[in-house]
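Each remark here refers to the structure printed beneath this line.
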Amino acid sequence: MADTAFMEKLVALCKRRGFIFQSSEIYGGIGGFWDYGPLGVELKRNIKNRWWQDMIVNPPAGPDGRELEMVGLDCSIIMNPQVWVASGHAGGFADPMVACKTENCNALIRADQFFCVAYFPVPMTGTELDELSTVLDGLIRKFKQAISAGVENGESELEKLITEFSAFSKLQTPLLVKSVIASSEIEAIASVTLTKLERKLVGESSKSPLAFPFSAAYQMRNTFGPVCCPRCGLASLATPRQFNLMFESNTGAVRTESSRVYLRPETAQGIFCNYKNVLDTSRVKIPFGIGQVGKAFRNEINPRNYTFRSREFEQMEIEFFCRDEDSMMWYEFWRNTRFKWYTDLGLAGSKLRLRDQTKDELAHYSRACADIEYLFPFADDFQELEGVAHRGCFDLTQHAKHSGKDLNYFDEEGWAKFLAERKAKGEPELTKDQKAEIGGKAPYRFLPTVIEPSAGADRGTLAFLCEAYHEDTAPDEKGVAQTRVVMRFHPKLAPVKAAVFPLVNKEGMPETADKLYKELKREMVVQYDDGGAIGRRYRRQDEIGTPFCITIDGETIGAAGATNPGTVTIRERDSLQQHRVAIGSVKAWLKERIGD
RNA sequence: GCGGGCGUAACUCAAUUGGCAGAGUGUCAGCCUUCCAAGCUGAAUGUUGACGGUUCGAAUCCGUUCGCCCGCUCCA
């Protein structure tokens with residue numbers, strides 16, 4: 001169950017303490033855009049820096065035990081518009097939506113994700129059903145491919161399908177396009193369970209149902225009858241409309257059709273477009289990866305759930321290039337590596353899961369995809385933080401085709417070895433033509449296969465915020481249990497690593513504390529606080545998730561009766577335990593616990 | 001896009017039938033305080049989202065508009 005009360009408390013805290021603000025708040029805000037305040041920026045930066053450090057600078061060893069080759073990149077947000085034609089975003093990143101006009105229904109349907117069912121007046125024979133299934137399978141596959149490939153002219157693609165369907169459908173005339181069902185049920189309809197489903201849909205009547213894409217059904221409504229809303233069941237659907245999710249802008253001061261450009265909807269295409277540059281300049285060899293952290297933009301139909309679905313968001317993406325025969329090994333590697341990264345940083349509970357996508361969910365070019373998902377307090381279901389996708393060589397193929405450039409990888413090492421082996425065996429030297437012939441294809445020249453771990457930085461930040469929020473009880477000075485709000489960030493992610501307090505504002509304690517504070521701030525984010533009672537200061541730091549509080553007391557300054565002169569207390573946020581540490585060792589003590 | 005809900009201090013929320021815009025928390029200043037907030041004193045902060053209307057008088061009623069939240073839907 002969604003815990004809205006929890007979410008409201010977290011959102012209030014984020015505002016009150018300066019983690020997250022609404023964008024342009026003084027003007028009433030703007031939906032789908034958010035600002036990170038002084039603490040939020042530290043938290044998000046820590047997450048991005050960790051990612052960069054753990055994935056690019058010092059990645060774990062590969063599945064073969066060898067060092068991983070990873071390099072970084074920082075691409076522009078606006079690219080040549082042809083990029084988006086090649087990637088499929090220009091054509092396919094637009095969802096055909098259809099709304100129901102019934103007063104109390106108003107359902108909104110993704111037309112490409114729904115299929116219609118038609119019923120035939122006469123029962124079919126087993127052979128006819130088999131034939132029907134085969135044809136349907138083919139049609140559905142083609143339709144899905146057309147959608148995911150982002151065919152530039154979806155209309156004509158649909159018409160082709162309809163013609164094909166009509167040719168077949170002279171077998172029987174459908175009675176009525178009755179309902180719309182989710183694509184996940186399509187397998188059931190198009191395969192052997194026809195009769196079972198038939199019963200489910202039309203009781204014990206003998207009509208045989210036939211399913212086909214919603215858009216096709218809509219176009220054929222004059223022949224087959226009206227398409228009904230899946231929710232209210234009435235024939236009240238409006239004309240399907242395109243929802244384009246690309247942000248548009250213009251280059252140059254004069255706006256014309258040809259000046260139109262797009263803000264990138266993902267950082268990945270910048271990597272693919274620079275893949276050849278990286279190969280040519282940085283001495284990397286396959287397998288290797290390129291990582292990038294950067295903003296991306298999508299005109300979400302309806303941004304919701306705090307920062308979870310923003311229209312401007314930040315991604316942390318890797319494109320890992322490898323040989324196709326090793327690709328499933330690398331896919332497994334990245335799938336596990338990325339999941340472990342989250343658990344190591346504290347998303348360790350049952351709220352985090354690794355889920356393999358089903359065949360239905362996969363894009364047509366994708367061989368496998370795993371989602372790393374988090375159960376946010378605002379949702380009933382797990383939501384995606386990151387997708388690790390096996391993309392085959394789809395992207396590079398597309399860019400090679402559209403740019404006209406050869407994006408093949410040439411394995412110089414393997415080629416040299418091949419030539420040397422021939423020589424050793426005393427085989428005759430190859431002619432120029434033979435060399436071009438053999439060296440011009442696999443295994444020496446080929447388009448690499450790509451594994452893409454693509455993480456949402458803002459989603460990750462939000463997940464870490466949700467995971468950190470705790471209310472527990474701690475005793476006050478009278479020993480009475482009091483509720484306290486504590487953000488239990490992993491020390492590596494905590495926006496403030498430590499706070500320095502003088503126990504009281506006299507006897508030289510402020511001076512000593514200030515000196516320690518200034519020394520620590522050279523290497524980490526620390527705060528100095530002398531305001532109010534010590535307990536109040538502890539609670540303030542608990543609320544922003546500072547893992548360690550250092551107090552300068554009588555012992556530190558060697559007051560009369562001190563048994564541990566020159567030591568401070570370091571209080572731990574989660575356990576409330578205190579440690580006595582020599583003031584000169586504080587920095588080392590903290591660094592040991594916070595890590596690099 | 002459609003439907004519903006809602007806009008009062010930094011946060012959480014009051015304000016009787018239309019009658020002087022308030023409280024708690026937080027923040028700031030000072031005092032007190034030798035280790036876990038709700039000790040003391042004081043202070044600042046509001047064109048009640050905006051515009052218009054009704055009225056002697058509007059946070060409150062009406063209209064318009066802007067924005068936010070929820071549902072349908074999408075996704076990193």
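Residue numbers begin at 1 in each chain, while the letters A, B, ... track the order of the sequences.
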Is [X] near enough to [N] that one of its side-chain N or O atoms lies under 4.0 angstrom from OP1 or OP2?
X: A/Arg17; N: B/A10; result: no
X: A/Lys15; N: B/C11; result: yes
X: A/Arg16; N: B/C11; result: no
X: A/Arg540; N: B/U27; result: yes
X: A/Asn305; N: B/C70; result: yes

Watson-Crick or G-U wobble partner for [N], using a 3.5 Å limit on both distances?
N: B/G71; value: B/C2
N: B/G39; value: B/C31
N: B/U17; value: none
N: B/G26; value: none
N: B/U45; value: none
N: B/G52; value: B/C62

Check: A/Glu317 side chain, A/Thr267 main-chain N or O, donor-acceptor pair, under 3.5 Å:
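Yes; judged by distance alone, with no hydrogens or angles, the pair exists.
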
Measure from the side-chain N and O atoms of A/Glu314 to the backbone N and O of A/Ala457, and report whether any donor-acceptor pair falls under 3.5 Å.
no

When all nucleic acid strands are considered with a 4.0 Å heavy-atom cut-off, which category describes [X]: base, sugar-phosphate, or nothing?
X: A/Leu13; value: nothing
X: A/Gln578; value: base
X: A/Gln383; value: base
X: A/Glu507; value: base
X: A/Asp542; value: nothing
X: A/Ser310; value: base

With A/Tyr306 as reference, evaluate A/Phe6, A/Phe378, A/Trp34, A/Phe33 under the ring-ring contact (aromatic ring centres under 6.0 Å, His included) test and give the passing residue.
A/Trp34

Check this for me, if you would: do [X] and [Y] make a salt bridge, where the nitrogen-to-carboxylate-oxygen distance has to be below 4.0 angstrom?
X: A/Arg488; Y: A/Asp472; value: yes
X: A/Asp542; Y: A/Arg573; value: no
X: A/Asp54; Y: A/Lys340; value: no

Whole-Å distance between [N] [atom2] and [X] [atom1]?
X: A/Phe247; N: B/A76; atom1: CZ; atom2: P; value: 16 Å
X: A/Asp381; N: B/C75; atom1: CG; atom2: P; value: 14 Å
X: A/Arg580; N: B/C35; atom1: CZ; atom2: P; value: 11 Å
X: A/Glu572; N: B/C35; atom1: CD; atom2: P; value: 20 Å
X: A/Tyr306; N: B/C70; atom1: OH; atom2: P; value: 12 Å
X: A/Asp472; N: B/C36; atom1: CG; atom2: C1'; value: 12 Å

Could you measure between the two [atom1] atoms, the one in [N] and the one in [M], and give it in whole Å?
N: B/G18; M: B/C56; atom1: C1'; value: 12 Å
N: B/G26; M: B/A10; atom1: C1'; value: 7 Å
N: B/C61; M: B/U55; atom1: C1'; value: 10 Å
N: B/C6; M: B/A15; atom1: P; value: 14 Å
N: B/A59; M: B/A29; atom1: C1'; value: 32 Å
N: B/A21; M: B/G30; atom1: P; value: 33 Å
N: B/A38; M: B/G24; atom1: C1'; value: 10 Å
N: B/U47; M: B/G52; atom1: C1'; value: 16 Å

From the options [options], select the nucleotide whose nearest atom is closest to the side chain of [X].
X: A/Phe308; options: B/U34, B/C75, B/C35; value: B/C75
X: A/Val504; options: B/U34, B/C35, B/A76; value: B/U34
X: A/Leu576; options: B/C36, B/C35, B/U33; value: B/C36
X: A/Met509; options: B/U34, B/G67, B/C35; value: B/U34
X: A/Ser454; options: B/A37, B/A76, B/C11; value: B/A76

Side chain of [X], base of [N]: donor and acceptor closer than 3.5 Å?
X: A/Arg309; N: B/C75; value: yes
X: A/Arg571; N: B/C36; value: yes
X: A/Arg536; N: B/A37; value: no

Identify, between A/Trp34 and A/Asp371, the residue whose nearest nucleotide on RNA chain B lies closer to the 5' end.
A/Trp34

Let me spell it out: for each of A/Ala455 and A/Ala12, pick the nucleotide of RNA chain B with the closest heavy atom. Which residue's pick is nearer the 5' end?
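Looking at the nearest nucleotide for each, A/Ala12 comes out on the 5' side.
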
Any heavy-atom pair between the side chains of A/Thr551 and A/Arg571 that's under 4.5 Å?
no

A/Phe376 and A/Tyr374: aromatic ring centres closer than 6.0 Å?
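They qualify: ring centres under 6.0 Å apart.
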
Stacking between A/Tyr538 and B/A37, defined as ring centres under 5.5 angstrom apart with planes under 30°, is that present or not?
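Not stacked: fails the 5.5 Å / 30° test.
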
Under the criterion side chain to side chain contact (heavy atoms under 4.5 Å, CB included), which of A/Val41, A/Thr461, A/Leu13, A/Val11 is the partner of A/Phe19?
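Of the listed residues A/Val41, A/Thr461, A/Leu13, A/Val11, the side chain to side chain contact (heavy atoms under 4.5 Å, CB included) partner of A/Phe19 is A/Leu13.
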
